[in-house]
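Residue numbers start from 1 in every chain, and the chains themselves are labelled A, B, ... in the order their sequence lines are given, proteins ahead of strands. Computed from a predicted model, the values in this text were never measured in an experiment. Note that these values count all heavy atoms, side chains included, but never hydrogens, waters or copies made by symmetry.
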Amino acid sequence: MDQPGQNAAFRKISGADLANGMGSSLLPGPMPGVECSMPVHTIATILNSQVSLGCRITVQGWVRTRRDSKAGLSFIALHDGSCFDALQVIAPNDLPNYLSEVVHLTAGCALRVSGEVVASSGKGQAVELHADQIDVAGWVEDPETYPIAPKPHSFEYLRTVAHLRPRTNSIGAVARVRHCLAQAIQRFFHEQGYLWVHTPIITASDCEGAGELFRVSTLDRVNPPRTVEGHIDFEQDFFGRETFLTVSGQLNVEAYCLALSKVYTFGPTFRAENSNTSRHLAEFWMVEPETAFADLHANANLAEALLKFIFQAMLEERADDLSFFAQRIDKTCIQRLEQVVNSPFERMAYNEAIRILEQADRPFEFPIQWGMDLQSEHERYLADDYVGRPLILMNYPKKIKSFYMRLNDDGQTVAAMDVLAPGIGEIIGGSQREERLDVLDARLDELGMSKTAYNWYRDLRRYGSVPHAGFGLGFERTISYVTGMSNVRDVIPFPRTPRSADF
RNA sequence: UCCCCGGUAGCUCAGUCGGUAGAGCAAGUGACUGUUAAUCACUGGGUCCGUGGUUCGAGUCCGCGCCGGGGAGCCA
């Protein structure tokens with residue numbers, strides 16, 4: 001109802017706000033100089049009973065389905081993305097545009113609807129909106145070829161219409177889950193006293209060792225400048241040297257770690273690997289905390305606490321979307337999250353893992369041998385079958401791990417760790433870093449890597465070096481694990497993979 | 001990049017022995033209905049991924065290419 005004072009509880013909306021997509025926000029408090037006749041509500045607030053029955057309100061969104069009844073009304077399922085469920089709008093046939101517009105609405109049409117919130121006399125919902133005004137903001141020009149029909153689509157097909165797939169139940173739910181997880185990650189680190197460090201996207205380091213790099217260049221592609229030897233002369237490139245998109249913020253964030261103690265990065269990373277699997281993207285997001293005065297065990301504890309915190313947030317904040325995933329995508333996804341939150345992660349040394357694999361009553365394609373890198377089949381056996389919950393594997397042979405990982409006293413293993421999630425595999429890879437300059441240099445020499453290229457990194461070991469540790473959490477793999485969506489291409493808005501950068 | 005499988009209506013798929021195209025859903029129209037994956041009837045809808053070949057004749061068989069899926073490697 002338009003009682004004085006009620007509007008004040010909600011931010012008033014202007015046309016400019018609507019154009020900016022702010023119309024459905026529910027920020028409290030008035031905005032000076034902005035006038036509007038009626039508050040605009042998100043569907044979430046209505047379905048959460050935050051709006052009293054009898055209130056006259058406006059909602060805005062897109063039609064999911066329309067059903068007509070000869071009782072003199074139509075039912076419109078209206079969706080605005082604020083929650084999983086659609087709002088049922090009752091459109092009585094005495095609306096002035098009922099015959100001319102309402103009965104022709106199809107999936108995807110954009111509407112502004114005003115009316116009264118009433119108790120539903122149907123079964124599927126508690127409340128509905130009895131419309132007294134329906135404005136069609138945008139029609140679907142050819143309903144027959146509208147790519148998102150009100151029916152199940154394959155995810156493979158939806159990738160070909162990535163600009164419209166967020167209108168589906170699944171991808172919309174993924175978007176809310178992704179946001180919720182991102183917020184929970186930031187909240188966790190903030191509450192733990194970690195600083196978010198914005199490490200560079202462009203890097204000159206061509207041997208971070210984590211994968212193939214994308215080159216960043218402004219040189220003429222057809223006739224690039226050449227050196228006298230005939231090589232491309234990157235001296236004339238934008239940065240005066242060869243540069244790439246980063247594959248990891250780790251080395252840079254270590255510098256801030258050794259000044260601010262507790263730091264993390266959260267941003268996109270890029271790998272030009274020709275990987276064609278359900279777990280790899282050329283552009284993906286990664287969370288990389290780095291903690292000073294921390295050893296591998298503190299690092300593992302942080303990884304476990306982080307995952308438990310964000311999964312708990314999921315259970316509390318996105319129950320609607322989770323129940324959809326449990327119903328349609330992966331029956332076990334909710335109990336899996338509850339189990340992870342409530343039970344300790346298993347910790348296991350690489351040596352022990354090898355012993356267990358040797359004794360497994362199952363043949364492996366790759367025979368078990370100390371010193372080998374664990375294959376997918378081995379990780380799967382350990383995490384899925386032997387342990388059955390998240391598993392932290394630690395202390396791998398140095399030969400299969402990166403140069404910056406701290407050498408253990410046995411001289412054979414390094415303080416590395418992988419967190420393996422059942423059904424997904426590795427979602428976290430991390431280590432305690434080598435803080436001793438002489439040991440680090442020996443490793444660089446051993447691997448034939450240039451010490452001068454790493455001078456600034458070596459400086460950190462020269463000036464007030466301390467033990468420190470960190471890890472990388474694959475954000476898309478985490479979303480996959482939470483939702484049961486089996487392909488990471490379906491948990492990032494616009495996936496980039498080999499031979500595919502559409503949209 | 002390697003191995004295996006697939007590409008037919010807007011979508012999901014069937015298509016026998018090589019003989020010229022089918023279903024469900026979606027869409028349109030109508031009937032019915034406080035409906036909710038509504039139901040029922042009718043109607044429209046096809047570059048059978050592309051290309052070359054075999055054949056009297058190719059959705060079907062063969063070569064090459066492109067795209068997609070599953071697995072592997074790389075990794076997060």
>> Using OP1 and OP2 only, check whether a side-chain N or O of A/Arg67 sits under 4.0 Å from B/A38.
In response: yes
> Under 4.0 angstrom, heavy atoms only, what part of the nucleic acid is A/Ser120 near: base, sugar-phosphate, or nothing?
Replying inline: base
> Nearest to the side chain of A/Ser69 - B/G73, B/G70, B/G34?
Replying inline: B/G34
>> Nearest to the A/Glu273 side chain among B/U35, B/G28, B/C74, which nucleotide is it?
In response: B/C74
>> Counting the atoms with a prime plus P, OP1 and OP2 as sugar-phosphate, which does A/Arg380 contact under 4.0 Å by heavy atoms, base, sugar-phosphate, or nothing?
In response: sugar-phosphate
> Paired with B/U36: which nucleotide, if any, by Watson-Crick or G-U wobble criteria at under 3.5 Å for both distances?
Replying inline: none
> What distance do A/Tyr381 atom OH and A/Leu374 atom CG have between them, rounded to the nearest 0.5 Å?
Replying inline: 13.0 Å
>> With heavy-atom distances below 4.5 Å as the criterion, would you say the side chains of A/Leu391 and A/Leu393 are in contact?
In response: yes
> Which heavy atom of A/Phe324 sits nearest a heavy atom of A/Ala173, and at what distance?
Replying inline: CD2-CB, 4.4 Å
> Where the side chain of A/Arg271 is concerned, which of B/G69, B/G71, B/A76 is the nearest nucleotide?
Replying inline: B/A76
>> Taking only the C1' atom of each, what is the distance from B/U8 to B/C13 in whole angstrom?
In response: 9 Å
> On a plain distance test, is the side chain of A/Ser121 in donor-acceptor contact with the base of B/G34 below 3.5 Å?
Replying inline: yes
> Is there a donor on the side chain of A/Arg159 or the base of B/C67 sitting less than 3.5 Å from an acceptor on the other?
Replying inline: no
> Any donor-acceptor pair under 3.5 Å between the side chain of A/Gln125 and the base of B/U35?
Replying inline: yes
> Does A/Gln375 have a side-chain nitrogen or oxygen under 4.0 Å from the phosphate oxygens OP1 or OP2 of B/A72?
Replying inline: no
> Quantified in whole Å, what is the C1' atom distance between nucleotide B/C17 and nucleotide B/A9?
Replying inline: 26 Å
>> What's the gap between B/U43 and B/C48 when it is taken at their P atoms, as a whole Å value?
In response: 24 Å
> Can you find a donor-acceptor pair, distance only, under 3.5 Å between A/His280 side chain and B/C75 base?
Replying inline: yes
> Just how far, in rounded Å, is P of B/G28 from NE2 of A/His104?
Replying inline: 9 Å
>> Suppose you measure atom C1' in B/G73 against the same atom in B/A27; what distance do you get, rounded to whole Å?
In response: 46 Å
>> Please verify the inter-ring angle class for A/Tyr396 with A/Tyr350; under 30° counts as parallel, over 60° as perpendicular, anything in between as tilted.
In response: tilted
>> Taking pairing as Watson-Crick or G-U wobble with both contacts under 3.5 Å, can you name the mate of B/U1, or confirm there isn't one?
In response: B/A72
> So what does A/Arg499 hit on the nucleic acid, given a heavy-atom distance under 4.0 Å: a base, only sugar-phosphate, or nothing?
Replying inline: sugar-phosphate
>> Using the six-membered base ring of B/A76, report whether A/Phe284 stacks on it, requiring centroids under 5.5 Å and planes under 30° apart.
In response: yes
> B/C75 base to A/Ser275 side chain: any donor-acceptor pair below 3.5 Å?
Replying inline: no
> Does a side-chain N or O from A/Arg66 land closer than 4.0 Å to OP1 or OP2 of B/A38, or not?
Replying inline: no
> Are any of A/Asn274's side-chain N or O atoms less than 4.0 Å away from OP1 or OP2 of B/G73?
Replying inline: no
> Do the side chain of A/Glu128 and the base of B/G34 come within less than 3.5 angstrom through a donor-acceptor pair of N or O atoms?
Replying inline: yes
> Looking at A/Ser154, does any N or O in its side chain come under 4.0 Å of the phosphate oxygens OP1/OP2 on B/U12?
Replying inline: yes
>> Strictly below 4.0 Å, N to O, side chains only: are A/Glu377 and A/Arg380 in salt-bridge contact?
In response: no
> Of all the choices, B/G28, B/A72, B/G34, which nucleotide is nearest to the side chain of A/Asn276 once you look at every atom?
Replying inline: B/A72
>> Expressed as a whole number of angstroms, how long is the span from A/Glu365:CD to B/G73:P?
In response: 8 Å
> Parallel under 30°, tilted from 30 to 60°, perpendicular over 60°: which one fits the rings of A/Trp196 and A/His198?
Replying inline: perpendicular
> What interatomic distance, in whole Å, is found between P of B/U54 and the corresponding atom of B/A14?
Replying inline: 30 Å
> What nucleic acid atoms does A/Gly122 come within less than 4.0 Å of, heavy atoms only: base, sugar-phosphate, or nothing?
Replying inline: base
> Is any side-chain N or O of A/Asp68 under 3.5 Å from a base N or O of B/U33, one able to act as donor and the other as acceptor?
Replying inline: no
> Would you say B/G73 has OP1 or OP2 under 4.0 Å from some side-chain N or O of A/Ser376?
Replying inline: yes
>> Only pairs with both distances under 3.5 Å count, Watson-Crick or wobble alike; so what is the partner of B/G19 in this structure?
In response: B/C56
>> When both hydrogen-bonding distances must be under 3.5 Å and the geometry is Watson-Crick or G-U wobble, what is B/G63 paired with, if anything?
In response: B/U51
> Has A/Arg489 got a side-chain N or O lying under 4.0 Å from the OP1 or OP2 atom of B/G69?
Replying inline: yes
> Would you find a donor on one side and an acceptor on the other, under 3.5 Å apart, between the side chain of A/Thr42 and the backbone of A/Thr45?
Replying inline: yes
> Mapping A/Leu105 and A/Tyr146 onto RNA chain B by nearest heavy atom, which one lands closer to the 5' end?
Replying inline: A/Tyr146
> Tell me: CG of A/Leu281 to P of B/A76, nearest whole Å?
Replying inline: 14 Å
> Expressed in whole Å, how much space separates the P atoms belonging to B/G65 and B/A21?
Replying inline: 31 Å
> Under a 4.5 Å cut-off applied to non-hydrogen side-chain atoms, are A/Val177 and A/Val482 in contact?
Replying inline: yes
>> Can you check the distance between B/G53 and B/G57, where both ends of the measurement are the P atom (answer in whole Å)?
In response: 12 Å
> Rounded to whole angstrom units, what separation is found between the CD atom of A/Glu141 and the C1' atom of B/A27?
Replying inline: 15 Å
>> Checking contacts here: which listed nucleotide (B/G73, B/G10, B/G34) is nearest the side-chain heavy atoms of A/Thr277?
In response: B/G73
> According to the Watson-Crick and G-U wobble definitions, with both distances under 3.5 Å, which nucleotide is paired to B/A27?
Replying inline: B/U43
